[in-house]
Student: 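Just passing along the structure, written as structure tokens.
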Amino acid sequence: MRLTIIGSVALDSVETPFGKKDDALGGSATYSAISASFFSPVNLISVVGNDFPKRYVTMYEKRNIDTTGLEKKDGKTFRWKARYEGDMSHAETLSTHLNVFDGFRPVIPPNVKSTDNLLLANIDPELQGWIFRKAKPQGLVACDTMNLWITHKRKELLKLLKQVDLFLLNDAEARQLSGEENLLEAGKWISGKGAKMVVIKKGEHGALFFKDGLHSVVPAYLLRKISDPTGAGDTFAGGMTGYLSQQRKITNSILKKSLMYGSILASFTVEKFSAEGLLKATKADVNRRYKKLERLVKV
Ligand code: AMP
């Protein structure tokens, strides 16, 4: 089964205590698609401006990420500027320029089938909802978001929550959306709004998973040095849904494995700036870390 991913393709300018990069490859769909491509063929739906370097499109194609749905419009590519300080647990957004994303309504490419799985990576929930209605997905539907949309598009987000199978967000966003300080209460509140499964990502503290009124935990793959946490959440979502797309049946054990892969893939992203770490990793590197994490959690 293929995985269709819609989200941002961006040029990011990011500063962390370990360095600074301007106009580096980023965007929720970029991280999610690269991560998912370790397991599954991907259809990417997004938009870039005429300043978007061709070499990135070549890179997507080489990784089995179909770019038929990556539109090129006159104008500038989406830009995001952010800074991380201290333990780098949260990004401080300095500026967001939607540019070609402003009012963007994509054409769904003919190779996108309703039986595909769908990942609505972080982007305006109005656009996520529009795609959902157009694509009429029958496969697994996952959705990610961020604080900006919880603040400004809460109504649209709550509408989407009713329709998705899997909803992913980080701890601060879960608290903001639910109004609950306690994350178990936040997870319960979000599940109560309709999502069949909920993942609350907690950075270096792993993630919480909620399904059928129960919860479980998945640890992060801990590293001695993190350079840039940008895209960790998107990478987690892509790894998890990419892995699930290749499974015949989604059992609780498969879900557990998909969460572990999400965690592992995210560890490659945070090691280096932009998507460099993720792009350098091989399938063997991923499996090595998976085995190590598996050994660490065994009792
Ligand atoms: P994460 O670190 O997982 O929260 O995601 C960071 C990525 O999200 C960056 O590469 C940004 O380009 C992208 N991003 C930031 N703000 C937005 C936004 N408002 N809509 C869509 N993508 C965004």
Side-chain angles (χ1 to χ4, degrees), residues 5-16 21-36 44-49 52 56 76-84 88-104 106 119-129 131 142-154 156-157 160 168-174 176 199-204 207 220 226-241 262-263 265-279:
I5 300 181
I6 166 127
S8 59
V9 168
L11 294 175
D12 290 342
S13 295
V14 171
E15 189 178 344
T16 82
K21 275 260 157 84
D22 285 327
D23 282 344
L25 177 65
S28 58
T30 295
Y31 287 106
S32 297
I34 300 172
S35 180
L44 174 64
I45 302 183
S46 194
V47 61
V48 291
F52 190 69
Y56 297 146
K76 281 187 166 182
T77 299
F78 178 103
R79 276 185 171 64
W80 182 66
K81 202 169 176 186
R83 182 170 50 207
Y84 296 85
M88 298 193 284
S89 57
H90 291 107
E92 182 194 348
T93 296
L94 301 174
S95 64
T96 302
H97 295 289
L98 291 179
N99 297 332
V100 288
F101 254 105
D102 204 4
F104 172 63
L119 170 58
L120 304 164
N122 171 33
I123 194 70
D124 188 335
E126 263 185 69
L127 178 55
Q128 291 177 316
I131 287 285
C143 177
D144 198 351
T145 194
M146 74 181 292
N147 52 4
L148 178 77
W149 309 122
I150 298 173
T151 307
H152 297 292
K153 300 276 174 95
R154 186 181 171 85
E156 290 81 355
L157 202 57
L160 255 183
L168 305 104
L169 70 182
N170 73 30
D171 44 2
E173 292 155 359
Q176 186 192 351
V199 173
I200 300 182
K201 298 164 284 182
K202 301 192 295 153
E204 64 179 333
I226 291 173
S227 299
D228 170 18
T230 305
D234 311 311
T235 306
F236 188 111
M240 183 176 180
T241 49
S263 230
L265 264 310
S267 74
F268 290 101
T269 293
V270 301
E271 255 180 331
K272 299 214 158 58
F273 270 81
S274 178
E276 284 166 27
L278 195 57
L279 286 169

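Note that ligands are numbered from 1 as they come in the structure, with each ligand's atoms numbered from 1 the same way.
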Student: Any sub-3.5 Å donor-acceptor pair from S13's side-chain atoms to K81's backbone N or O?
Tutor: no
Student: Contact between W149 and ligand 1, counting heavy atoms under 4.0 Å?
Tutor: yes
Student: Please work out which of the three classes, parallel, tilted or perpendicular, describes the rings of F101 and F104, given edges at 30° and 60°.
Tutor: perpendicular
Student: Just wondering, do F236 and T269 contact through their side chains at under 4.5 Å, heavy atoms?
Tutor: no
Student: Using a 4.0 Å cut-off to any heavy atom of S8, which atoms of ligand 1 qualify?
Tutor: 13 (C), 21 (C), 22 (N), 23 (C)
Student: Based purely on interatomic distance, does T230 place a nitrogen or oxygen under 3.5 Å from a nitrogen or oxygen of ligand 1?
Tutor: no
Student: Are the side chains of I6 and Q128 in touch, meaning some heavy atoms are under 4.5 Å apart?
Tutor: no
Student: Where is the nearest protein heavy atom to atom 4 (O) of ligand 1: which residue, which atom, and how far?
Tutor: D234 OD2, 4.5 Å
Student: Between ligand 1 and F236, can you find any atom pair, the residue atom being a heavy atom, that is separated by under 4.0 Å?
Tutor: no
Student: Between T96 (side chain only) and W80 (backbone N and O only), is there a donor and an acceptor less than 3.5 Å apart?
Tutor: no
Student: Ignoring hydrogens and geometry, is there a side-chain-to-backbone donor-acceptor pair from S227 to E271 under 3.5 Å?
Tutor: yes
Student: Any side-chain heavy atom of N170 sitting closer than 4.5 Å to one from H90?
Tutor: yes
Student: Side chain, backbone, both or neither: which part of D12 has a heavy atom under 4.0 Å from ligand 1?
Tutor: side chain
Student: Just distances here: any N/O of G27 and N/O of ligand 1 closer than 3.5 Å?
Tutor: yes
Student: In terms of atom number and element, which parts of ligand 1 are under 4.0 angstrom from non-hydrogen atoms of A10?
Tutor: 12 (O)
Student: Would you say G231 has any N or O atom under 3.5 Å from an N or O of ligand 1, going by distance alone?
Tutor: yes
Student: Which of the atoms in ligand 1, numbered in the order shown and given with their element, are less than 4.0 Å from a heavy-atom of Y31?
Tutor: 10 (O)
Student: May I ask you to list the atoms of ligand 1 that are less than 4.0 angstrom from any heavy atom of M146?
Tutor: 16 (N), 17 (C), 18 (C), 19 (N)
Student: Rounded to the nearest 0.5 Å, what separation is found between the NZ atom of K21 and the OG1 atom of T16?
Tutor: 10.5 Å
Student: Assess the side chains of T230 and Y31: does a donor N or O sit below 3.5 Å from an acceptor N or O?
Tutor: no
Student: Is the shortest distance from atom 22 (N) of ligand 1 to a protein heavy atom below 4.0 Å?
Tutor: yes
Student: Going by the order shown, which atoms of ligand 1 are within less than 4.0 Å of some heavy atom of G26?
Tutor: 10 (O)
Student: Quick one: which ligand 1 atoms are inside 4.0 Å of a heavy atom on L148?
Tutor: 19 (N)
